[in-house]
Amino acid sequence: MEKNGNNRKLRVCVATCNRADYSKLAPIMFGIKTEPEFFELDVVVLGSHLIDDYGNTYRMIEQDDFDINTRLHTIVRGEDEAAMVESVGLALVKLPDVLNRLKPDIMIVHGDRFDALALATSAALMNIRILHIEGGEVSGTIDDSIRHAITKLAHYHVCCTRSAEQHLISMCEDHDRILLAGCPSYDKLLSAKNKDYMSIIRMWLGDDVKSKDYIVALQHPVTTDIKHSIKMFELTLDALISFNKRTLVLFPNIDAGSKEMVRVMRKKGIEHHPNFRAVKHVPFDQFIQLVAHAGCMIGNSSCGVREVGAFGTPVINLGTRQIGRETGENVLHVRDADTQDKILQALHLQFGKQYPCSKIYGDGNAVPRILKFLKSIDLQEPLQKKFCFPPVKENISQDIDHILETLSALAVDLGGTNLRVAIVSMKGEIVKKYTQFNPKTYEERINLILQMCVEAASEAVKLNCRILGVGIGGGIIHQHELIHGSSFCAAELGHLVVSLDGPDCSCGSHGCIEAYASGMALQREAKKLHDEDLLLVEGMSVPKDEAVGALHLIQAAKLGNVKAQSILRTAGTALGLGVVNILHTMNPSLVILSGVLASHYIHIVKDVIRQQALSSVQDVDVVVSDLVDPALLGAASMVLDYTTRRVY
């Protein structure tokens, strides 16, 4: 035990409640028994193991040469919902004395039965570490809730499939305490098929039965819909009678509704029918051989969708009890088993087929992995389990500093002449604005934007403003809400292409609206004219220390510069074509142009709409924004809208 830091043997308590969980626990118990230098094994037996009507299955534990330390009679008879609750309560009353006496280091609990929930609850409250087998799986009934409840109580988890492992991680369980081992029963299943099976078939079904020419039926009540599950069992028996094949019918488990199902069997005379053999219990070793060589298995037992796949035996899964399980291709689901004919058709489809063997639930090496996992448990580690919750948004409701802060955004405006960054409050007020001359190169612009944003963010702390994000871009408002798009970059309106052979755009494309009509595009055209001495006209001058920009182009156009007027007309036309495309796509009721160039473009845009747009959208209102700094306010609104109002 040097690996786990323990200086003594690990005392392991295995508690088994019924025939089904013992088939999974027995291989682990045998493994523990073979390594007495590492482990001490205590066996506790409770639940339906100790009831005669369910086969007194504790005897098979004794036949396997295990010493049963404690027998607990925990079942309150009645086989209804109240009896299940009372059975859990009775187990909770009796278990503390047993656990105080045994003082195990760890308790191994299997599956999703109500008895197992009582075991896990008792162990958790008595500070005993719990190893849960088969957590993370999904079936389709109340068992799911019980299984996941045990998962939250358990300290360690042994799961059977990759999906189950992912479910446990999604449930915030510590990945380091999860072992993907496979199902322990597969260790026996995958080594059992070549044994002498005909003697077992004859013993349970008669001397005249051949391999692959009989059916195994195992159906349990569904506790969330007992009435329907009893009706479905009745239809199943009628279909099996009509199908006229030798059938081994196992009695249902002890869940609520099982008594009514047994009454249905007896009402139909199943126990005396020549084609049927009705039994309370079959030892697992023999049951393996029976399902491995059956022509078909039918019912709603987890064994049908889990273990039987190892042999490729056809399975008909009825109803919803196992609907969430991972299955091989050998399983045919009849989810709405509401008619005898539907079940009968399924029997005709499946009986006698042979499917590929499936190893979804194990490869035959689960037990060595589990024993190694047990040896690695360090009893010196804190008992309190930790949950690996994903990060969540900070809760600010009880922090006075946050309450007093002004929720704000950083708005960025990339103008042709200037770069502007502003702190904008939730009320649409510009708290502070920063303006810098727009550098010539792209790299210089990006660096300056970052520098200005950092400066503004630092200043925001002093101004008690809580910055929620940074906004850049245009916007589309639909039903009073800003549209963000699937990747939050909707309304990149400046990059609508209006000409395939237009000027280069900063986005890497050609002919975008931005390449024609933005402040930077006009600055580029103004500089070209100025370099060719074609910009200045009478009444104009540009100081030597002042860079040529869009405003100079506008001034030249106003003073009659034909080339400047042509450039502005081309830019306005490009913008107008982009607006027409938006009208045809979104059919808005209002188009708002903003910025210093808006008033120069509006008449051209309206002309293009009249000439190019469909008649159904030509009546749209096109206006110039009367807001102060609309570009900054619009950019800020993208952030403030997304972070405070929209829910994704």
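Put simply, SG on Cys17 and CZ on Arg113 are 8.5 Å apart, with the number rounded to the nearest 0.5 Å. Interatomic distance, OG1 of Thr141 versus CG of Asp112, reported as 7.0 Å (0.5 Å rounding). Considering CG of Leu218 and CZ of Phe251, their distance stands at 12.0 Å, rounded to 0.5 Å. Rounded to the nearest 0.5 angstrom, Leu131 CG and Ile108 CD1 are separated by 5.0 Å. With values rounded to the nearest 0.5 angstrom, Tyr54 atom OH is found 13.0 Å from Leu250 atom CG. Rounded to the nearest 0.5 Å, atoms CE (Met426) and CG (Leu407) are 4.5 Å apart.
For the 3.5 Å distance criterion, the side chains of Thr57 and His49 qualify, holding a donor opposite an acceptor. With hydrogens and angles left out, the side-chain atoms of Arg71 and Tyr58 include no donor and acceptor closer than 3.5 Å. Between the side chains of Thr70 and Arg101, at least one donor-acceptor pair of N or O atoms lies under 3.5 Å.
Between Thr151 and Gly136, the shortest heavy-atom contact is OG1-N, 4.2 Å. Between Pro184 and Pro27 the shortest heavy-atom distance is O-CG, 3.5 Å. Counting all heavy atoms, side chain and backbone alike, Ala337 lies closest to Leu318 at CB-CD2, 4.1 Å. Nearest heavy atom pair, residue Arg321 against residue Ser139, reads O-CB, 3.4 Å. Closest non-hydrogen pair, Ala118 versus Leu95, comes out as O-CD1, 3.8 Å. Contact record, Glu137 with His148: O-CE1, 3.4 Å, taken as the closest heavy-atom pair.
A salt bridge is defined here as a Lys NZ or Arg NE, NH1 or NH2 lying under 4.0 Å from an Asp or Glu carboxylate O, and Arg147 with Glu134 fails to meet this definition. A salt bridge between Glu381 and Arg177 is present, with a side-chain N of the basic residue lying under 4.0 Å from a carboxylate O of the acidic one. Remark: Asp80 does not engage Lys259 in a salt bridge, criterion side-chain N to carboxylate O under 4.0 Å. Salt bridge annotation for Glu62-Arg59: absent, with no cationic side-chain nitrogen under 4.0 angstrom from a carboxylate oxygen.
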- prompt: Could you walk me through whether Thr34 and Phe39 pass the side-chain contact (heavy atoms from CB on, under 4.5 Å) check?
  reply: CA-CA 9 Å; Thr34 61; Phe39 304 107; over 6 Å; no

task: Start with the C-alpha distance between Thr16 and Val44, add both sets of side-chain angles, then the distance that settles side-chain contact (heavy atoms from CB on, under 4.5 Å), and finish with yes or no.
output: CA-CA 6 Å; Thr16 173; Val44 175; over 6 Å; no

field: Chi angles and distances behind the side-chain contact (heavy atoms from CB on, under 4.5 Å) call for Val76, Met84
entry: CA-CA 7 Å; Val76 176; Met84 291 169 63; over 6 Å; no

field: Test side-chain hydrogen bond (donor to acceptor under 3.5 Å, both in side chains) applied to Thr223 and Asp255, step by step
entry: CA-CA 7 Å; Thr223 57; Asp255 282 352; 5.5 Å; no

- request: Could you go through the side-chain hydrogen bond (donor to acceptor under 3.5 Å, both in side chains) check for Asn18 and Ser48 one step at a time?
  value: CA-CA 5 Å; Asn18 53 64; Ser48 60; 5.1 Å; no

message: Set out, in order, the CA-CA distance, both residues' side-chain angles and the distance that settles salt bridge (Lys or Arg N to Asp or Glu O under 4.0 Å) for Asp42 and Arg11, then state yes or no.
response: CA-CA 8 Å; Asp42 293 321; Arg11 190 159 192 175; 2.7 Å; yes

task: For Lys9 and Asp105, run salt bridge (Lys or Arg N to Asp or Glu O under 4.0 Å): C-alpha distance rounded to whole Å, both residues' side-chain angles, the deciding distance at 0.1 Å, then the answer.
output: CA-CA 9 Å; Lys9 297 178 182 180; Asp105 296 315; over 6 Å; no

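Between the His132 side chain and the Gly111 main chain, a donor and an acceptor come within less than 3.5 Å of each other. Under a 3.5 Å cut-off, the side chain of Asn330 and the backbone N or O of Gly312 do not form any donor-acceptor pair. With Ser87 contributing its side chain and Ile75 its backbone, the two residues share no donor-acceptor pair below 3.5 Å. Of the possible polar contacts, none joining the Lys24 side chain to the His110 backbone as a donor-acceptor pair under 3.5 Å is found. Within the 3.5 Å criterion, the main-chain N or O of Met171 finds a donor-acceptor partner in the side chain of Lys152. Although no hydrogens or angles enter the test, the distance criterion places a donor-acceptor pair under 3.5 Å between the side chain of Ser258 and the main chain of Asn253. The backbone N or O of Ile130 lies less than 3.5 Å from a partner atom in the side chain of His155, making a donor-acceptor pair. Between the side chain of Ser425 and the backbone N or O of Ser408, no donor-acceptor pair lies under 3.5 Å. With Arg19 contributing its side chain and Asn56 its backbone, the two residues share no donor-acceptor pair below 3.5 Å. A distance-only check finds no donor-acceptor pair linking the side chain of Glu79 to the backbone of Ala256 [under 3.5 Å].
Within a 6.0 Å radius of CG in Asp67, no more than 12 heavy atoms belonging to other residues, nucleotides or ligands are found. Heavy-atom neighbours of Lys227 NZ from other residues, nucleotides or ligands within 6.0 Å: at or below the threshold of 12. Around atom CZ of Arg77, more than 12 heavy atoms belonging to other residues, nucleotides or ligands sit under 6.0 Å away.
Counting heavy atoms from C-beta on, the side chains of Ile106 and Ile128 never come closer than 4.5 Å. For the pair Cys159/Leu179, no side-chain contact is recorded, criterion being any heavy-atom separation below 4.5 Å from C-beta on. Side-chain contact between Phe287 and His281: absent, with no pair of heavy atoms (C-beta onward) separated by less than 4.5 Å. Taking 4.5 Å as the limit, some side-chain heavy atom of Met29 sits within range of a side-chain heavy atom of Val43.
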Can you give me every donor-acceptor pair (side chain of residues 359-366, partner residue at least two apart or in another chain, under 3.5 Å) with its distance?
unit_1: Tyr361; atom_1: OH; unit_2: Glu326; atom_2: N; d: 3.2
unit_1: Tyr361; atom_1: OH; unit_2: Glu326; atom_2: O; d: 2.6
unit_1: Asp363; atom_1: OD1; unit_2: Asn365; atom_2: N; d: 3.0
unit_1: Asp363; atom_1: OD1; unit_2: Arg369; atom_2: NH1; d: 3.1
unit_1: Asp363; atom_1: OD2; unit_2: Arg369; atom_2: NH2; d: 2.7

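With sequence neighbours excluded, no residue forms a side chain to side chain donor-acceptor pair (under 3.5 Å) with Ser122.
For Phe66 and Phe30, the ring centers sit closer than 6.0 Å to each other.
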